[in-house]
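Below, chains carry the letters A, B, ... as their sequence lines are ordered, and counting in each starts from 1.
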2 protein chains.
Amino acid sequence: MASEQKSPLTQKRIVHAALAVADRDGIHSISMRTLATALDAGTMSLYNHIRNKDELIDAMVEDIAATIERPEPGADWKQGVRQIAVSTRTVLHRHPWAVEVWSARIPGPQRWTLMEAILDQLASAGLPDDLTDLGLHAVLNHVLGHTRQELAAVRSNPGTHVQDLAAELDAERFPHVIDHLRYHAEDHPTHDSFLFVLDLILDRLDGMARRHGTGTAH
Amino acid sequence: MASEQKSPLTQKRIVHAALAVADRDGIHSISMRTLATALDAGTMSLYNHIRNKDELIDAMVEDIAATIERPEPGADWKQGVRQIAVSTRTVLHRHPWAVEVWSARIPGPQRWTLMEAILDQLASAGLPDDLTDLGLHAVLNHVLGHTRQELAAVRSNPGTHVQDLAAELDAERFPHVIDHLRYHAEDHPTHDSFLFVLDLILDRLDGMARRHGTGTAH
DNA sequence: ACCTGAACACCGTTCAAGT
DNA sequence: ACCTGAACACCGTTCAAGT
């Protein structure tokens, strides 16, 4: 107790401490001062390992992007894309603050690697350039959009839940919206809409690839 | 010149001034102090018309959401949804900071009205509840995802362009990503991918509605 | 009812000084 | 090379005092 050894600051320790804070209290709770205190260091010491706060947040996103599972090289392309999509969703659920930052900032190497993997799978399906582009965006928009939407009620306003939102709306003006919110408040265990739509997209791309491969369309 | 009359502060004047600043310099450039100065008022005067900064930003989003065109009541449902989607994209391009805030915060009346309109159109197509839900998210994810992606290069880092990103990447590790970025840097006037995918989604929903209507599937 | 300055409790970051 | 306190130039917002 008397001989506590302060472990040295590293960019890794700083990023991990920041992740712990963000996962618990949200990205808004991170300040250089509180983060330094949590690490038992002077505020300015952090700047020996990180250029500024923006780059810290980029490093946090890269760190969690690295935990997304990639398919082994020989895998079927549909299974490959599916695995990346499912794992991305799982990881984003583990870090509820991350989905907003994900779309808002320019990717780093880890995220480029993920995009490269998806594009590689789509290319191996035999899709031409324009349909590969279409497929990448369809998959990414679905994964990020669906996950964002799942996390929205929980995250944005900690007190707010989907049911409460529906209760506040005027039933005369927003009947469909209220139905829709109620629908989302229920559990739908029979088919997970995330996987349902994901497979819809993948099957559609598969069909396009086959049509292209057999030379039916240009 | 000697008899300048200060027009009184209103929530509308404050929101419009904030929109002008955000459209020119980004949402980050808005502070209560600079905004008050722009309005030739004391900082704390703003708080007589707006509860806090978060509600100001919500009010800004609501203000631009109100400018999105809605279809006239009798319109064909596909044309109706299409018009809302196209107009949303146009409006978000006019306010490049808005697409991030859009997904991050809980909707207000204007945005609920838009969702109500889309859901109403989808219901009039004869889609059952679960496919209406699927259709709403497909349309919203596409509109927001595509628009975000169009704006990303321009907005996030004012100096960065898509071509520069591609030039910085290691050609050995990211061949597909580089191709993809180059593809996006080109103009593709022959078919706008926004409309192409939008119509793909709408046609798909139409097909589902017809199959459901004729009782072929449950 | 609306306006506002002072004050409080914070920020991120530069710089110079330490070891 | 790494650490750090002081200082600078900001924040959003509460409160009390004005009209």
Can you check nucleotides 17-19 of chain C for protein contacts, nitrogen or oxygen pairs under 3.5 Å, and list what you find?
none

Sort me out a list of protein N/O and nucleotides 6-8 of chain D N/O pairs below 3.5 Å, or just none if empty.
none

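Sorted by first and then second residue, the salt bridge (Lys or Arg N to Asp or Glu O under 4.0 Å) pairs involving residues 55-66 of chain A (not counting sequence neighbours) are A:Arg51-A:Glu55, A:Asp58-A:Arg105. Residue pairs that meet the side-chain hydrogen bond (donor to acceptor under 3.5 Å, both in side chains) test with at least one member in residues 113-123 of chain B, sequence neighbours left out, are A:His176-B:Glu116. Listed by first then second residue, pairs satisfying salt bridge (Lys or Arg N to Asp or Glu O under 4.0 Å) with a partner in residues 79-95 of chain A read A:Arg82-A:Asp199, A:Arg89-A:Glu150, A:Arg89-A:Asp192, not counting sequence neighbours.
Contacts between residues 20-27 of chain B and DNA chain C, defined by a heavy-atom separation under 4.0 Å, are absent.
The 5' end of DNA chain C is approached more closely, in terms of each residue's nearest nucleotide, by B:Tyr47 than by the other of A:Asn52 and B:Tyr47. For B:Ser31 and A:Asn48, each mapped to the nucleotide of DNA chain D holding its nearest heavy atom, the one lying further toward the 5' end belongs to A:Asn48.
A sub-4.0 Å separation between OP1 or OP2 of C:dA1 and a side-chain N or O of B:His49 is absent.
Residues forming a side chain to side chain contact (heavy atoms under 4.5 Å, CB included) with B:Ala138 (at least two apart in sequence, or on another chain): B:Ile201. A search for side chain to side chain contact (heavy atoms under 4.5 Å, CB included) contacts involving A:Thr34 returns A:Ser31, not counting sequence neighbours. With sequence neighbours left out, B:Lys53 forms a salt bridge (charged side-chain N to carboxylate O under 4.0 Å, His left out) with no residue at all. Partners of B:Ala65 according to the side chain to side chain contact (heavy atoms under 4.5 Å, CB included) rule, which considers only residues two or more places apart in sequence or in another chain, are B:Trp102, B:Gln110, B:Arg111, B:Leu114. Residues passing the side chain to side chain contact (heavy atoms under 4.5 Å, CB included) test with B:Ser29, sequence neighbours excluded: B:Val21, B:Asp25.
Checked by atom type and distance alone, the side chain of A:Ser45 pairs as donor or acceptor with a backbone atom of A:Gly42 at under 3.5 Å.
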When Watson-Crick pairs (N1 to N3 and N6-O4 or O6-N4) and G-U wobble pairs (N1-O2 and O6-N3) count only below 3.5 Å on both distances, what is the dot-bracket string of DNA chain C, with | for other-strand pairs?
||.|||||...|||||.||
